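Below is one structure, written out as structure tokens; the observations come after it.
When reading the values below, keep in mind they use all heavy atoms of this one structure, side chains included, and skip hydrogens, waters and symmetry mates. Every chain is numbered from 1, with letters handed out A, B, ... down the list of sequences. Only a predicted model underlies this, so the values are computations on that prediction, with no experimental measurement involved.
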2 protein chains.
Amino acid sequence: MQIIYKIMKNDSDTTITGRITRALADRIISGDIGPGTKLRQDHFAEEFGASHVPVREAFRRLEAQGLVVSEPRRGVRVASFDIAEVREVAEMRASLEVLALRHAAPHLTSAILDKAEAINRAGENAPDVRAWEEANKAFHRIILEPCNMPRLMATIDDLHAASARFLFSGFRMEWESPTDQDHRAILRALHEHQFDVAAATLARHVKWIGTKTGAKRHMRAPS
Amino acid sequence: MQIIYKIMKNDSDTTITGRITRALADRIISGDIGPGTKLRQDHFAEEFGASHVPVREAFRRLEAQGLVVSEPRRGVRVASFDIAEVREVAEMRASLEVLALRHAAPHLTSAILDKAEAINRAGENAPDVRAWEEANKAFHRIILEPCNMPRLMATIDDLHAASARFLFSGFRMEWESPTDQDHRAILRALHEHQFDVAAATLARHVKWIGTKTGAKRHMRAPS
DNA sequence: AAGATAAAAATTATCTATAAAATCGGAAAG
DNA sequence: CTTTCCGATTTTATAGATAATTTTTATCTT
């Protein structure tokens with residue numbers, strides 16, 4: 001089980017299935033392929049110069065990640081989502097990231113915290129949402145990783161991917177300032193070994209992302 | 001996304017991939033196929049009277065569930081696990097089940113609680129671990145389901161499957177009495193609308209399962 | 001006999017081709 | 001205008017073949 005994440009990474013450089021999985025996940029998360037879009041296996045087989053077999057395997061992985069929905073004998077389409085699900089993912093992230101932080105806290109060195117601060121600064125200067133999200137993900141990951149719980153981290157990663165989808169597609173809130181301020185508050189608390197404060201701030205911070213949604217209430221295929 | 005669980009169920013009756021996935025998951029969870037065992041695609045293709053393609057798709061699903069580990073070009077084997085992971089899963093379950101219970105609480109009717117009590121009684125009279133685990137799963141599910149958060153429930157289900165693996169294979173603790181007592185305490189608290197008490201008891205209860213491990217410290221292939 | 005190297009066998013991962021099942025769109029009938 | 005039916009498209013699933021890689025076996029050297 002410890003190898004899940006490593007596999008997910010090595011795999012995408014080694015096997016065709018891995019490459020396709022990563023490419024499709026990227027497009028779905030970035031909103032390049034919108035919710036409800038039908039994914040035709042032969043289309044992607046041709047695009048990636050592969051047969052339909054690895055494409056289908058990639059579909060199964062994306063299905064497990066919650067990025068696509070597969071209906072038996074009716075093919076695969078990009079998962080739709082609504083505000084209820086945005087909130088659901090936010091709550092799950094809050095719970096699990098607090099758990100991770102509790103276990104990571106004893107192993108957090110000031111070197112790590114410094115690196116986190118640097119990443120946060122990079123986020124503040126991000127030119128676009130995409131770059132900001134990248135920094136945001138990195139920030140959360142670097143302070144949680146020391147929990148040494150690979151399965152937990154894998155689940156958090158999946159949830160983060162879902163969050164990123166919401167961020168990129170329609171649910172765009174004003175990113176930046178309030179979040180980065182939260183990040184600073186978390187770092188401050190960690191520096192002073194006030195772990196409960198850090199955890200509480202993290203929970204509020206993650207849930208806020210779920211609450212502060214923008215215009216559209218539902219992302220679905222233009223059926 | 002709402003459809004994930006439904007799919008997982010309908011699928012296993014509809015498509016060959018689904019049937020194979022369910023069958024293999026059952027065997028792995030029950031310990032019928034031990035940790036570290038190599039899973040040969042042609043073998044299962046023959047056993048299920050199918051080709052290797054649906055078998056490979058099933059492998060990808062099981063991989064995402066954390067039941068098998070796949071190394072590129074070296075095949076798939078049943079995931080090993082150690083005490084650290086048992087604890088990890090228990091902590092994740094505790095966090096997420098508490099979250100689910102918080103959201104389910106307002107929708108819990110006394111009819112549901114009565115049914116939960118009946119299930120608990122069935123668990124007490126269970127003839128073997130298998131039957132007891134079935135009742136245990138049902139108990140947790142019936143009081144959490146009303147949270148109306150499908151993704152959360154799907155994740156909890158996966159964690160529960162992992163827990164069941166530990167229970168069945170080597171990590172056998174004395175099942176029964178203390179757990180069923182906890183269940184009763186949870187029901188009592190819910191009846192009296194003391195949701196915080198119920199949540200705290202649930203958390204302690206789930207974590208206890210992770211702590212109270214039996215003899216073996218590590219389940220791995222006899223390498 | 002032990003260890004190292006090379007040949008052989010087994011296994012995975014993939015492709016091509018094809019059959020069967022199901023859906024979707026549109027045409028025909030009421 | 002609605003319903004029904006048929007054909008085209010799409011998807012699921014199988015079979016057989018091939019390339020690459022891993023594992024095993026066998027041989028050779030020291």
Side-chain angles (χ1 to χ4, degrees), chain A residues 3-4 6-24 28 33-34 36-64 67-80 220-223, chain B residues 3-4 6-24 33 36-64 67-80 220-223:
Chain A
I3 327 177
I4 288 180
K6 224 175 88 190
I7 290 279
M8 279 304 193
K9 227 177 147 274
N10 283 351
D11 220 6
S12 56
D13 300 329
T14 309
T15 69
I16 295 185
T17 299
R19 261 203 314 278
I20 297 177
T21 306
R22 176 181 286 270
L24 290 184
I28 293 172
I33 312 181
T37 309
K38 252 192 309 195
L39 301 180
R40 280 180 273 272
Q41 54 186 19
D42 289 344
H43 175 271
F44 291 111
E46 193 183 14
E47 176 183 339
F48 291 101
S51 84
H52 69 105
V53 180
V55 174
R56 291 177 58 78
E57 290 184 33
F59 282 173
R60 290 291 168 258
R61 282 207 188 149
L62 296 169
E63 187 189 1
L67 291 178
V68 307
V69 179
S70 151
E71 293 176 81
R73 300 180 199 276
R74 293 199 51 190
V76 167
R77 50 183 62 222
V78 177
S80 302
R220 196 168 280 286
S223 67
Chain B
I3 327 176
I4 288 181
K6 226 175 86 188
I7 289 279
M8 279 304 194
K9 223 174 153 280
N10 284 353
D11 218 7
S12 55
D13 299 329
T14 310
T15 70
I16 295 185
T17 298
R19 261 204 312 277
I20 297 176
T21 306
R22 177 181 284 271
L24 290 183
I33 312 181
T37 310
K38 252 191 311 197
L39 302 180
R40 278 182 279 272
Q41 55 187 22
D42 288 344
H43 173 270
F44 290 110
E46 193 182 14
E47 176 183 339
F48 291 102
S51 86
H52 57 269
V53 180
V55 175
R56 292 178 59 79
E57 290 184 32
F59 282 173
R60 291 282 111 84
R61 282 207 188 149
L62 297 170
E63 187 188 0
L67 291 178
V68 306
V69 180
S70 149
E71 292 175 82
R73 319 221 164 243
R74 294 197 51 188
V76 166
R77 51 183 61 223
V78 177
S80 303
R220 194 167 280 288
S223 67

Flag side-chain contact, heavy atom, 4.5 Å: A/Arg40 against A/Val76: no

Between A/Thr17 and C/dT14, does any side-chain N or O lie under 4.0 Å from OP1 or OP2? yes

Out of B/His43, B/Arg74, B/Arg77, which one pairs with B/Lys38 under the side chain to side chain contact (heavy atoms under 4.5 Å, CB included) rule? B/Arg77

Atom pair distance, as rounded to whole Å: CZ in B/Arg73 and P in D/dT18: 18 Å

Is it the case that atom CD in A/Glu47 sees more than 12 heavy atoms from other parts of the structure closer than 6.0 Å? yes

On DNA chain D, check which nucleotide each of A/Asp42 and B/Lys38 is closest to and give me the residue with the more 5' one. A/Asp42

Using whole Å, report how far CD of A/Glu57 lies from P of D/dT12. 14 Å

Between A/Arg74 and B/Arg40, the residue closer to the 5' end of DNA chain C by nearest nucleotide is B/Arg40

Quick check on C/dT12: is either OP1 or OP2 less than 4.0 Å from any side-chain nitrogen or oxygen of B/Arg56? no

Work out which heavy atom in A/Thr17 is nearest to a heavy atom in A/Ala58; give both atom names and the distance. CG2-N, 3.8 Å

How close or far is atom C1' of D/dA20 from atom CD of B/Glu71, stated in whole angstroms? 17 Å

Looking at the base of C/dT11, is there any donor atom on it, or on the side chain of B/His52, that sits under 3.5 Å from an acceptor on the other one? no

Whole-Å distance, A/Phe44 CZ to D/dT10 P, equals 14 Å

For A/Ile16 and D/dA20, what is the distance between atoms CD1 and P respectively, to the nearest whole Å? 12 Å

Using whole Å, report how far CZ of A/Arg77 lies from P of C/dT23. 13 Å

Nearest-nucleotide comparison on DNA chain C, the residue closer to the 5′ end among B/Val76 and A/Pro54: B/Val76

In whole Å, I'd like the distance from the CZ atom of B/Phe59 to the P atom of C/dT11. 13 Å

Using OP1 and OP2 only, check whether a side-chain N or O of A/Gln41 sits under 4.0 Å from D/dT10. no

For atom CZ of A/Arg19 and atom P of C/dA13, their distance in whole Å: 14 Å

Quick check: do B/Phe59 and B/Gln41 have side-chain heavy atoms less than 4.5 Å from each other? yes

